[in-house]
Enquirer: 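This is the structure I want to talk about, given as structure tokens.
No hydrogens, no waters, no symmetry mates; every other heavy atom, side chains included, goes into these values. Chain A is the first sequence line, chain B the second, and so forth, proteins listed ahead of strands; every chain is numbered from 1.
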Amino acid sequence: MADTVVNAQSSPEVEQPWAELGLKEGEYAQIREILDRRPTSCELAMYSVMWSEHCSYKSSKVHLRKFAVLGDQTPTGRLLAGIGENAGVIDVGDGWAVTFKIESHNHPSYVEPHQGAATGVGGIVRDILAMGARPIGVMDPLRFGPLDAPDTARVLPGVVSGVGSYGNCLGLPNVGGEVVFDPSYLGNPLVNALCVGKLRHEDLHLAHATGAGNAVILYGAATGGDGIGGASILASETFDDTKPSKRPSVQVGDPFMEKLLIECTLELFAAGVVNGIQDFGAAGISCATSELAAAGDGGMHVELDRVPLRDSSLSPEEILMSESQERMMAVVEPDHVERFLEICRKWDVQATVVGEVTGTGRLVIDWHGETVVDVDPRTVAHEGPVYERPYARPQWQDGVQARDVTALARPGTDEELGRTVLALAGSPNLCDKSWVTDQYDRYVRGNSVLAQPEDAGVLRIDEDSQLGVALATDCNARFTLLDPRAGAKLALAEAYRNVSVTGAQPVAVSDCLNFGSPEDPDVMWQFVEAVEGLVEGCAELGTPVTGGNVSLYNQTGDTPILPTPTVAVLGVLDDVTRRVPMGFCGEGESVWLLGT
Amino acid sequence: MARVVVEVMPKPEILDPQGKAVTGALARLGFEGMTVRQGKRFEIEVDGELDDARLAQVRDAAERLLANTVIEAFEVRADESATPVVEAGEGSPSAAEVGTPTEDTQQ
Amino acid sequence: MARVVVEVMPKPEILDPQGKAVTGALARLGFEGMTVRQGKRFEIEVDGELDDARLAQVRDAAERLLANTVIEAFEVRADESATPVVEAGEGSPSAAEVGTPTEDTQQ
Amino acid sequence: MTTATSPEQASTTAPGGTERTDATGARIGVVTFPGSLDDHDALRAVRLTGAEAVPLWHASQSLEGVDAVILPGGFSYGDYLRCGAIARFSPLMGELIEAAGDGMPVLGICNGFQILCEAHLLPGALIRNDVRTFVCRDQRLRVETSDTVWTRDFLAGEEITIVLKNGEGGYVADAETVARLEGEDQVVFRYVGPNPNGSVHDIAGITNARGNVVGLMPHPEHNVETLTSPSVDGRRFFSSVIGFVQTLR
Ligand SMILES: Nc1ncnc2c1ncn2[C@@H]1O[C@H](COP(=O)(O)OP(=O)(O)O)[C@@H](O)[C@H]1O
């Protein structure tokens, strides 16, 4: 039997497994205070996922706010949507807009490289789709342990096949990325994925639930027991131990389903039947319902037992936390519901009305007629804990910086010099990456003007006007270790240069900040320095940060990864036929060296 | 509710590059003297009584869809084996019993 | 020379997109009430005597290479069945006997 | 091999009796299946080479009176089970099989080739690349015959560059079938240089005996613009069929 609100009111003394769910004692107390009672197990499930570092940005929030000083003005126009939305939206002229964002899927890719990387691509593509855009390309900055380490032989091919199979199957050209090896990533590879999409200005959609009486529709894949390790504690140990205690922590992607979801969603937008929309990322229904409701002006009522399940034994806590892939949630006016469902049927996409928008300001979730969640959605989605983590310049920083190239041995003879050059050219970080990039389709959609092995990817947006965008991602994490502030600026500068050498005007930045544990003051210092470095660099260049992702706790034991703030820069080309490719093009052209 | 298993294997005269690649990979891992052919296995939960007519339907389905008879051979059989790979249907509570000896499944 | 069969199936709690697609296709073809999960089948010709140690090696190989134990369960067994899918080894002249009733194979 | 160059053989180009609106232009249909990806590219290629591009939906029963049909690349039904195996049963395929039998030009590109094999409009099958990874590259091909409706504008023996991108592009067939294809001039394209996927006899594309149905793994629709590809050798696939359709007028 489910733990209802009534039940929670009458049994304040029940012990709840908040610690196992990753909540701190103070956080649990805060939840009790917000509710003025103990949470039901469903509420506890929701708060615990939504208040996790991953969803709430509780350690990084205070610093990410510094990006706000950059404003919403790009060199080509105002942002149509900025930080806080699923992805930033940039006006690129002629009524066109583009949206792009980079995200991490690091830990899942270590556990199951192929599926982890695949679902990482799937997740970022849904973010872009949810803005009302058609996804038009992907990129994948990757970091692995040493190439010759046995575990890299497991992780690398799996990650590459995962990125490739998912992106290829969606028909999204892969136009760039990185492959970098360093021992610090051995137990903690980085899989960052970027997606870019295009839309007409009027097609912009936002994630909010407004208009009492509007239907809340869940569509896409059925919900299974994916990625709900924590919720199983609630389901099996606390309330019903006949349930299977083993739930997969791994999510399996179904790119075909996602392709249908993309085409279906774009047709729903075109038909004008979508008021608000939210993709499903981490935290599944907990996230979609609370974020939609929190961003709206009313509340939401959901009947959880209407959610189509792949596994009928799931408890309501598990359904709320399931990270099953390829799902979306839309807010639809009653008059449009029939048309909405009809379009879903055309694409063979399952769609179910699971609730409606209300005027109560509360998020109420019922399970077989009984209320199991009754919360202010803002307290779940936005008003989680915020930490000012202590940070300090590490004691070892001076030592690292003191190491100096002059101490390195230099090739003495011509022969040694020759060997050194060859060794460098053949080293994993500098060698040809086509073993990776040949597994990615860079041609699909027919608009890839530049892709591997160019410095930046260039995609045509409009065949008539030849308007296009250029994209590059970069980060040299060894620089960032030496000096996180300068390293972040250098990452920005490199991506900025790679975009500008194609002939594009760089206009906006997205970033994926991959660091170790924020509870380690050394790491926290690296993080703060990197953020401030990015802010300074972006201010200098006049490019706002439109969104991004923070991935913390990337470490093996006490050893963090190299601080890796991956920076993505987007540029605009008014005429892609004038793009400048890498390399010498024609005989007789003169060669110039610019800069110092 | 009954379970039917359809096994589909590449015909012996048809190239099996996957099998060849797996054979090579096993050798590199130090597993000597193993030659592999790779095929597919379908477990079909069939509603209703599994009489001959129903089994013939499954065979028909296998021939039309599950196997490409240009390059593959298949076999259809009711699954009465004592140790099925999967103990019960989807979402069954016996999920934890999957696989035979537990050291095989490493959940 | 002995034959060992390794059957690999997606764990029941794991999404099986292929099985899902096949289930849908069967229904569209008019085969009602059939729910499919799709896995892999490996036939391994093992050189030498198939004693317990050798079988344990195959099990080890299955766990390390043939199955992804994070999402798949597997079973290993010596193949002594009377009607093997493939009657004899690669390139054997008995290819025509592949499959059960001959009308299934449609060569 | 008899080529479908005589008007009689391919006279039923308008099932359903749709009148042509444009007496000079060919109308070429491109079928979208769930999971098709290069359908837009094929439509663009058709337009760029001067024909009317007609989108066709897999669940429809009508070929809309087109003169020729392209089954585009992609991952129909996710490439689950076997590539093309599920799409082969789409409602439109019934119409298409009939029209192809009557001589309608049909081109299967990559996933389209796989569908044509699954539908037995072409012999053999395509299996996983021997390298076991997806392969995307600019591939050199030799055109082995210009005696099909899709290669009329090539010279036999000519070498061209066409994008290759697939995970399951290894062509296989039994020895007898391969011998027949070779003997009857039905091998249309062969890979030049290292074989990218383990195809028997380096076969990249084949045709039926009549020369109206052609399937190949590489993607000519990606080689129609200098801006986005290293060659425009793909254009002649489309100009070939347009020229053929015009001979029927
Ligand atoms: N994981 C990846 N995914 C896609 N493209 C990649 C990936 N890694 C590298 N590339 C591409 O390969 C090319 C060469 O990469 P790299 O050797 O890192 O070049 P550079 O040092 O000039 O950035 C670039 O076009 C880059 O975008």
Enquirer: Should the heavy atoms of other residues, nucleotides or ligands under 6.0 Å from CG of B:D51 be counted, would the total exceed 12?
Expert: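 Yes, the 6.0 Å shell around CG holds more than 12 heavy atoms from other groups.
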Enquirer: Quick one: what part of B:D16 sits under 4.5 Å from any heavy atom of chain C, side chain, backbone, both or neither?
Expert: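 Neither part; nothing is under 4.5 Å.
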Enquirer: Considering only heavy atoms, which portion of B:L66 lies under 4.5 Å from any heavy atom of chain C: side chain, backbone, both, or neither?
Expert: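 It is the side chain, since no backbone atom gets that close.
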Enquirer: Can you tell which part of C:L26 gets under 4.5 Å to a heavy atom of chain B, answering side chain, backbone, both or neither?
Expert: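 Contact with chain B is through both the backbone and side chain of C:L26.
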Enquirer: Would you compute the distance between atom CZ of C:R59 and atom CZ of C:R64 and round it to the nearest 0.5 angstrom?
Expert: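 If I round to the nearest 0.5 Å, the distance is 15.5 Å.
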Enquirer: Heavy-atom distances under 4.5 Å only: say whether B:V58 touches chain C with side chain, backbone, both or neither.
Expert: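 For B:V58, heavy atoms of backbone and side chain both lie under 4.5 Å from chain C.
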Enquirer: When only pairs under 4.5 Å are counted, which of B:A61, B:G33, B:G48, B:A67 shares the most heavy-atom pairs with chain C?
Expert: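 The option with the most such pairs is B:G33.
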Enquirer: Under 4.5 Å heavy-atom distance to chain B, tell me which part of C:F42 shows up: side chain, backbone, both or neither.
Expert: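 For C:F42, the contact with chain B is made by backbone and side chain together.
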Enquirer: By a 4.5 Å heavy-atom criterion (distance strictly below it), what part of B:I44 contacts chain C: side chain, backbone, both, or neither?
Expert: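 Answer is both: backbone and side chain atoms of B:I44 are under 4.5 Å from chain C.
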Enquirer: Quick check for you: to the nearest 0.5 Å, what is the distance between B:Q57 atom CD and C:F31 atom CZ?
Expert: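 Going from the CD atom of B:Q57 to the CZ atom of C:F31 covers 7.0 Å.
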Enquirer: Which heavy-atom pair separates B:E32 from C:R54 by the least distance, and what is that distance?
Expert: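 Shortest heavy-atom contact: O-NH2, 2.9 Å.
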Enquirer: I'd like to know if B:R77 pairs up with B:E7 as an ion pair, taking the criterion as any Lys NZ or Arg NE/NH1/NH2 lying under 4.0 Å from an Asp or Glu carboxylate oxygen.
Expert: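 Judged by the 4.0 Å cut-off on N to carboxylate O distance, B:R77 and B:E7 do form a salt bridge.
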Enquirer: Do B:E72 and B:K11 meet the salt-bridge criterion of a basic N to acidic O distance under 4.0 Å?
Expert: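 Between B:E72 and B:K11 there is no salt bridge, as every charged N stays at least 4.0 Å from the carboxylate O atoms.
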Enquirer: Among the options C:V22, C:D60, C:V6, C:T23, pick out the one with the most heavy-atom pairs lying under 4.5 Å from chain B.
Expert: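 Heavy-atom pairs under 4.5 Å are most numerous for C:D60.
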